[in-house]
Amino acid sequence: MSRYELRTARSVYVVAEAPEGLVLEHWGDPARVPERPSVRRASFETAADVAPLEYAAAGTRYTQTSELLVEGPVDGARLQLRSVTHADGSLRAELADDDTGIEVVLHWRTSLEHDVVERWARIRSTRHEVALTRAFTAGWNVPVGPGARVTQLVGTWSREFTPAEVDLPAGQLRLGSRQGVTSHEYSPVVALRSRADPGEAYGVALAWSGSWRMQVDAVPFRDVVRVSAGVDDESTVITLGPGDGYETPRMLGVWSADGAAGLANAWHDYQRGTLARPGDRPVVYNSWYATGFDVRVEHQLALADVAAGIGAEVFVVDDGWFAGRTSDRAGLGDWHVDPEKFPDGLKPLVAGVLERGMRFGLWVEPEAVNPDSDLYRAHPEWVYRAGDRPLTTMRNQYVLDLGRPEVEAWAAAMLRRLLTEHPISYLKWDMNRAVTDGGRPGGPHGREWTIAHTRAYYRLMRLLRDEFPHVTVEACAGGGGRIDNAVLALSDVVWPSDETGPRGRLAIQHGFLSAYPPSVMSSWVTDEPDRLDTAPASLEFRFVVAMAGVLGIGSDLLAWDTATSDRARELVALYRELRPVIHAGDVTRLGEPGEAHYAVQYTAGSRVVVLVWRRPGDGPVRVRLAGLEPGAQYRFGEEVLHGAALRVGGLTVPFALAPDCDVVVLDRLA
Ligand code: GLA
């Protein structure tokens with residue numbers, strides 16, 4: 001039996017040829033690769049019923065849920081292995097069903113630079129027109145069974161990335177979105193641990209930003225829990241004519257010997273090293289919370305004065321700068337500088353920002369349109385609609401059918417014009433509603449709208465990278481409505497939530513950091529009171545929360561007194577000094593944000609940075625630091641402390657910065 005080993009930095013993924021097809025033989029610790037695969041089965045089960053297939057199609061003997069559902073002259077596909085090509089870090093397998101002419105090519109890819117296994121598939125119909133009612137990317141046989149503890153990141157607007165752990169002894173857990181965006185409700189990533197021995201952990205993610213579905217199938221009494229995912233099988237049907245093919249989005253799987261903490265860092269290593277572009281993420285001042293739609297040049301420049309003074313590196317004008325945009329009821333789609341607000345064009349504002357030593361940034365929402373806009377009046381046929389049903393608005397807007405080539409071309413031209421006409425070097429790309437009317441009446445591929453839309457979105461994001469590489473791109477969707485590994489590969493930072501109240505934000509960031517890195521986690525200091533998180537917190541507390549990722553400021557700076565601005569300047573300078581460690585370091589979340597105190601530790605090279613928050617009235621705080629060398633000594637201010645003592649006894653936090661938070665910096669002595 002041939003077996004194929006794919007190595008990652010710290011793990012191995014072993015696939016073997018069995019009579020039933022390609023099966024997973026081992027995934028995890030390279031020191032524990034079994035001699036032979038062991039699949040438990042009774043005499044009345046065939047091996048094909050239970051084999052941990054890497055990809056299953058309905059139509060085979062395999063009895064569990066399948067990744068591929070085909071409807072055509074003959075339903076289902078009896079996939080047989082045709083050939084396998086294996087090299088270091090890559091595996092390719094061809095499967096085919098001779099009866100129906102369905103062909104599937106499976107791909108695996110790994111690297112010694114990180115721990116992620118990437119997988120995707122290409123499906124082709126060679127003979128007939130067929131409908132793929134489910135075309136998932138892959139099946140992952142996660143060896144934690146029977147059953148699993150599954151952690152998901154769930155939420156709603158302003159409450160994204162809340163960890164929710166499910167004990168799944170048996171049964172199926174399905175999560176996903178049919179909103180055309182990743183969604184606020186579920187993130188396409190799960191963590192799995194054994195119910196009996198929760199030491200090691202596996203993560204599985206789908207890198208896709210349109211409608212999606214992920215299924216965790218804890219088949220009773222099996223050693224593996226099967227995770228499959230792909231484009232949503234509830235709202236999407238892919239039609240393939242003879243000779244047509246479809247390539248799935250990628251799925252990513254990762255193993256860590258060190259539980260949830262190890263998993264988070266394994267994701268971060270991959271996202272930082274493989275997905276992200278190199279370069280610093282700048283300190284942003286965004287005037288949205290200070291001005292709303294009331295954008296005026298003099299007022300923006302007055303804000304820019306203070307922003308530059310406290311150390312902001314980019315000044316971003318959010319919503320409200322374009323024609324007719326006096327509220328969220330009009331103007332979306334008309335991406336021309338508003339002649340009333342800017343009688344001399346954008347130039348005086350941009351020049352003023354650049355003169356103050358900052359870069360200039362702008363907000364756009366290219367996928368949406370207000371009914372009250374010139375664009376909609378000219379092209380009412382460009383928006384999604386479900387048959388003749390009346391259109392519905394959310395936030396007074398429709399969604400453009402970006403999958404139409406003419407709409408994509410319009411968006412590309414608009415972006416090129418904006419970025420060529422003005423020296424913009426930061427773009428915040430927003431998407432403020434779910435697609436509820438997805439469809440294209442009369443279009444033969446109408447039920448593939450989310451695929452067409454998402455691919456067009458990716459092409460446009462790639463256009464920004466390729467043609468305007470100096471532009472930092474922030475991805476946003478009414479907060480964290482479209483964050484996933486595909487977006488991370490095409491943007492520089494993401495906006496995890498519209499919630500900026502510091503305790504609410506801390507909870508969101510805690511969940512975010514379990515699957516995504518601090519180097520992309522945009523976070524702003526804003527004024528009190530927050531809409532949801534209304535208890536007061538010190539300015540320092542709010543700054544330290546935002547420092548945990550990519551610091552930004554969204555306050556009304558003209559309402560700050562000099563003492564506040566001076567303090568802000570010190571805090572921005574502190575952040576800029578520590579930014580390399582915060583963005584590149586290993587992250588350990590110490591405790592839970594709802595507890596009396598909570599900390600996040602970043603370790604890079606010889607430097608350790610710990611951000612600590614505590615509730616008012618909480619007593620002395622000792623934080624047990626993670627991953628320090630027990631034999632090493634660490635300098636902390638005037639003191640020298642032992643690694644072993646910091647790990648076991650912990651560090652007494654002085655709260656030198658403020659009574660409710662601190663920033664602790666330790667340097668390992670040579
Ligand atoms: C969304 C974003 C906000 C802001 C507004 C502007 O809600 O998440 O940050 O840009 O849109 O309308």
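In each ligand, atom 1 is the first atom listed, and ligand 1 is the first ligand listed. What you are looking at is a predicted structure, and each value in this text was computed from that prediction instead of being measured. The first residue of the sequence shown is numbered 1, and numbering continues consecutively from there.
Near G478, meaning under 4.0 Å from one of its heavy atoms, ligand 1 places the atoms 8 (O). If you number the atoms of ligand 1 from 1 as listed, the ones under 4.0 Å from a heavy atom of N432 come out as 1 (C), 7 (O), 11 (O). Residue-ligand proximity, R395 to ligand 1, at heavy-atom distances under 4.0 Å covers atoms 6 (C), 11 (O), 12 (O). Remark: ligand 1 atoms within the under-4.0 Å shell around heavy atoms of W495 are 8 (O), 9 (O). Within ligand 1, counting atoms from 1 as listed, the ones closer than 4.0 Å to a heavy atom of K428 are 3 (C), 4 (C), 9 (O), 10 (O). Near C476, meaning under 4.0 Å from one of its heavy atoms, ligand 1 places the atoms 2 (C), 8 (O).
Residue G479 has at least one nitrogen or oxygen atom sitting less than 3.5 Å from a nitrogen or oxygen atom of ligand 1, judged on distance alone. Residue W363 places at least one N or O, backbone or side chain, under 3.5 Å from an N or O of ligand 1. Some N or O of D318 is nearer than 3.5 Å to an N or O of ligand 1, by distance alone.
The side-chain contact (heavy atoms from CB on, under 4.5 Å) with L346 is formed by just one residue from the set L362, L418, V297, D338; it is L362. Partner of V383 under the side-chain contact (heavy atoms from CB on, under 4.5 Å) criterion, out of L391, D401, V399: L391 alone.
Listed here is the closest heavy atom pair of L657 and E540: O-CG, 3.9 Å.
Contacts between A477 and ligand 1 below 4.0 angstrom, taking non-hydrogen atoms only, are absent altogether.
Electrostatic pairing of E313 and R576 counts as a salt bridge here, judged by a charged N lying under 4.0 Å from a carboxylate O. With respect to E298 and R296, no salt bridge is recorded, no charged nitrogen being found less than 4.0 Å from a carboxylate O. Using a 4.0 Å cut-off between charged side-chain N and carboxylate O, R213 and D232 make a salt bridge.
For atom 2 (C) of ligand 1, the closest heavy atom belonging to the protein is D430 OD2, 3.0 Å. Protein heavy atom nearest atom 7 (O) of ligand 1, with residue, atom name and distance: D498 OD2, 3.0 Å.
Side-chain contact check for R542 versus E528: some heavy-atom pair is nearer than 4.5 Å.
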TODO: Check the pair S183, S177 against side-chain hydrogen bond (donor to acceptor under 3.5 Å, both in side chains), reporting the backbone distance first and the verdict last.
DONE: CA-CA 6 Å; S183 92; S177 151; 4.6 Å; no
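Atom-to-atom distance recorded for D556:CG and W288:CH2 is 14.0 Å, nearest 0.5 angstrom.
Considering each of D328, L332, D319, the one bringing a non-hydrogen atom nearest atom 12 (O) of ligand 1 is D319.
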